[in-house]
Amino acid sequence: MNHQLKKVTCLLAFITLLVFTQKVQAQKNSFFNHFRWNQSSYTSAGSGANGFTFNSLYRNYNDSTNYFVSLDIPLNRLNSAFGFYYLHNSSGEQQNLQSGVSYTAFIPLGQNGSIRFGVQGNRQQHAVSPRTWTFGEYQTDSVSYTADASVFLQREKLSLGFSAEGLYPAGPQHQPDYVLLLGFHELNTSSWLRSSPFMLTRWRNDQERPEWRFNYTATIANTVLLGASYYKNSEYLYGFNAGFKLFNAVWLTAATDFEDLLLPYRALYEFGLRIHISKRTAASVAADTPAPEEDEYNDY
């Protein structure tokens with residue numbers, strides 16, 4: 001009985017400590033909502049612990065389009081990674097550009113876990129141009145800079161973190177946003193089905209109530225991805241996502257989020273490509289056929 005009580009006490013203390021962990025999400029999170037894409041792999045340097053990652057995303061909503069690319073470069077000997085991203089939002093002649101550089105340091109937790117400490121600097125530029133990609137013609141109206149900091153825990157299938165966004169500049173007019181994330185990556189539901197439930201809550205400085213996001217994505221036969229999202233206190237109400245995973249290295253995804261249940265539907269659409277080259281652990285090299293519950297971790 002005392003042994004069980006000690007376990008419960010340690011677990012509660014551990015969870016309390018992890019409430020203060022953070023995950024870099026930068027300002028990009030407001031542009032892309034697809035859960036399985038933007039919580040761990042989409043963030044610059046977020047997946048650098050496990051290998052080289054390239055992400056590309058496209059979003060369309062009414063007359064607004066967004067293009068995003070990022071690159072994660074791991075430095076394995078230093079237990080760290082660098083990340084770079086570029087985001088272009090175009091709405092008519094209004095061009096909003098974001099770019100950033102991030103650095104993440106990793107503290108290994110056994111063979112299948114790590115704590116990640118990250119910082120990220122962001123540059124936002126608002127400009128006017130009738131042509132999307134003609135940078136020389138841009139008439140810049142404003143340029144601003146922000147910074148985020150993070151700590152993120154990944155332990156086997158568990159992902160848990162809390163991000164602070166917009167820490168710089170500090171002041172009455174610039175209050176940071178906070179995001180708490182809890183999720184499990186591809187839990188073994190059956191021999192052909194794996195489940196990835198995620199929950200995110202976001203405290204925005206411009207609204208009284210926190211925003212909640214819930215997503216469940218099923219991985220079928222280690223190839224097909226199907227999922228759905230529900231939003232609370234958000235500009236969106238519900239959404240769907242789907243995709244294909246090829247050789248645990250290439251992901252092709254699509255997602256849509258709806259504002260309400262009214263006709264005609266008002267929705268945004270996202271399409272993505274992700275390429276991930278992971279490092280092999282000693283256990284995976286020694287085993288010719290890894291166990292189903294272990295073969296996915298290093299590709300997350």
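If you read the sequence from its start, that first residue is 1, and numbering goes on from there.
In terms of the side chain to side chain donor-acceptor pair (under 3.5 Å) criterion, residue partners of S234 (sequence neighbours excluded) are, by chain and number, E211.
Note on ring orientation: taking the six-membered ring where Trp is involved, the planes of F271 and Y58 are parallel (angle under 30°, cut-offs 30° and 60°). Ring-plane geometry between H88 and Y86 is classed as perpendicular, the angle between the planes exceeding 60 degrees on a 0 to 90 degree scale with a lower cut at 30.
In this structure the side chain of L273 reaches within 4.5 angstrom of the side chain of V250, judged on heavy atoms. Residues L180 and W203 have side chains in contact (heavy-atom distance under 4.5 Å, counting atoms from C-beta outward). Side-chain contact check for S114 versus R155: every heavy-atom pair is 4.5 Å or farther apart.
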request  = Decide side chain to side chain donor-acceptor pair (under 3.5 Å) for S196 and E186; before the verdict, give the C-alpha distance in whole Å, the side-chain angles of both, and the deciding distance to 0.1 Å.
outcome  = CA-CA 5 Å; S196 299; E186 294 197 339; 5.0 Å; no
ask   = Yes or no on side-chain contact (heavy atoms from CB on, under 4.5 Å) for Y85 and N122, after CA distance, side-chain angles and deciding distance?
value = CA-CA 9 Å; Y85 81 88; N122 311 288; 2.8 Å; yes
request  = Give the intermediate values and the outcome of side-chain contact (heavy atoms from CB on, under 4.5 Å) for residues N89 and T65.
outcome  = CA-CA 6 Å; N89 170 262; T65 58; over 6 Å; no
task = Apply side-chain contact (heavy atoms from CB on, under 4.5 Å) to the pair F106 and I115, showing each step before the final yes or no.
result = CA-CA 6 Å; F106 308 100; I115 296 180; over 6 Å; no
request  = Kindly indicate, with the supporting measurements, whether the criterion side-chain contact (heavy atoms from CB on, under 4.5 Å) is fulfilled by W251 and H276.
outcome  = CA-CA 8 Å; W251 284 257; H276 180 71; 3.8 Å; yes
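Taken to the nearest 0.5 Å, the CD1 atom of I220 stands 10.0 Å off from the CZ atom of F244. A distance of 11.0 Å separates CD1 in I107 from CG in L153, rounded to the nearest 0.5 Å. The CG atom of N55 lies 6.5 Å from the CG atom of D72; values are rounded to the nearest 0.5 Å. The CD atom of Q124 sits 4.0 Å away from atom OG of S144, with the distance rounded to the nearest 0.5 Å.
Of all non-hydrogen atoms in N233 and P210, the two that sit nearest each other are ND2-O, 2.9 Å. Annotation for A228 and F240: closest pair CB-CD2, 4.0 Å, computed over non-hydrogen atoms. Across Y236 and Y231, no two heavy atoms sit closer than the pair O-CB, 3.0 Å. For the pair L261 and Y265, the tightest heavy-atom approach, listed with the atom from each and the gap, is O-CE2, 3.8 Å. Nearest heavy-atom pair across T201 and M199 is N-SD, 4.0 Å. Contact between A267 and Y61 at its shortest, heavy atoms only, is O-CD1, 3.2 Å.
With no hydrogens or angles considered, a side-chain donor-acceptor pair links S195 and T189 at under 3.5 Å. For the residue pair T217 and N241, a side-chain donor N or O sits within less than 3.5 Å of a side-chain acceptor on the partner. A donor-acceptor contact under 3.5 angstrom links the side chains of S90 and Q95, judged on distance only. A donor-acceptor contact closer than 3.5 angstrom is absent between the side chains of R209 and Q207. With hydrogens and angles left out, the side-chain atoms of Q98 and R123 include no donor and acceptor closer than 3.5 Å.
Looking only at distances, a side-chain donor or acceptor of T256 sits under 3.5 Å from a matching main-chain atom of L268. Between the side chain of S229 and the main chain of N215, no donor-acceptor pair closer than 3.5 Å is present. In terms of modelled atom types and a separation under 3.5 Å, the side chain of S190 and the main chain of L193 share a donor-acceptor contact.
Under a 4.0 Å N-O distance rule, the pair R266/E235 does not qualify as a salt bridge. A salt bridge links E165 with R202: the distance from a Lys NZ or Arg NE/NH1/NH2 to an Asp or Glu carboxylate oxygen falls below 4.0 Å.
Evaluated for a side-chain hydrogen bond (donor to acceptor under 3.5 Å, both in side chains) with K245, the options N222, T223, T253 yield exactly one hit, N222.
Taking the six-membered ring for Trp and the full ring otherwise, Y238 and Y230 have centroids separated by 6.0 Å or more.
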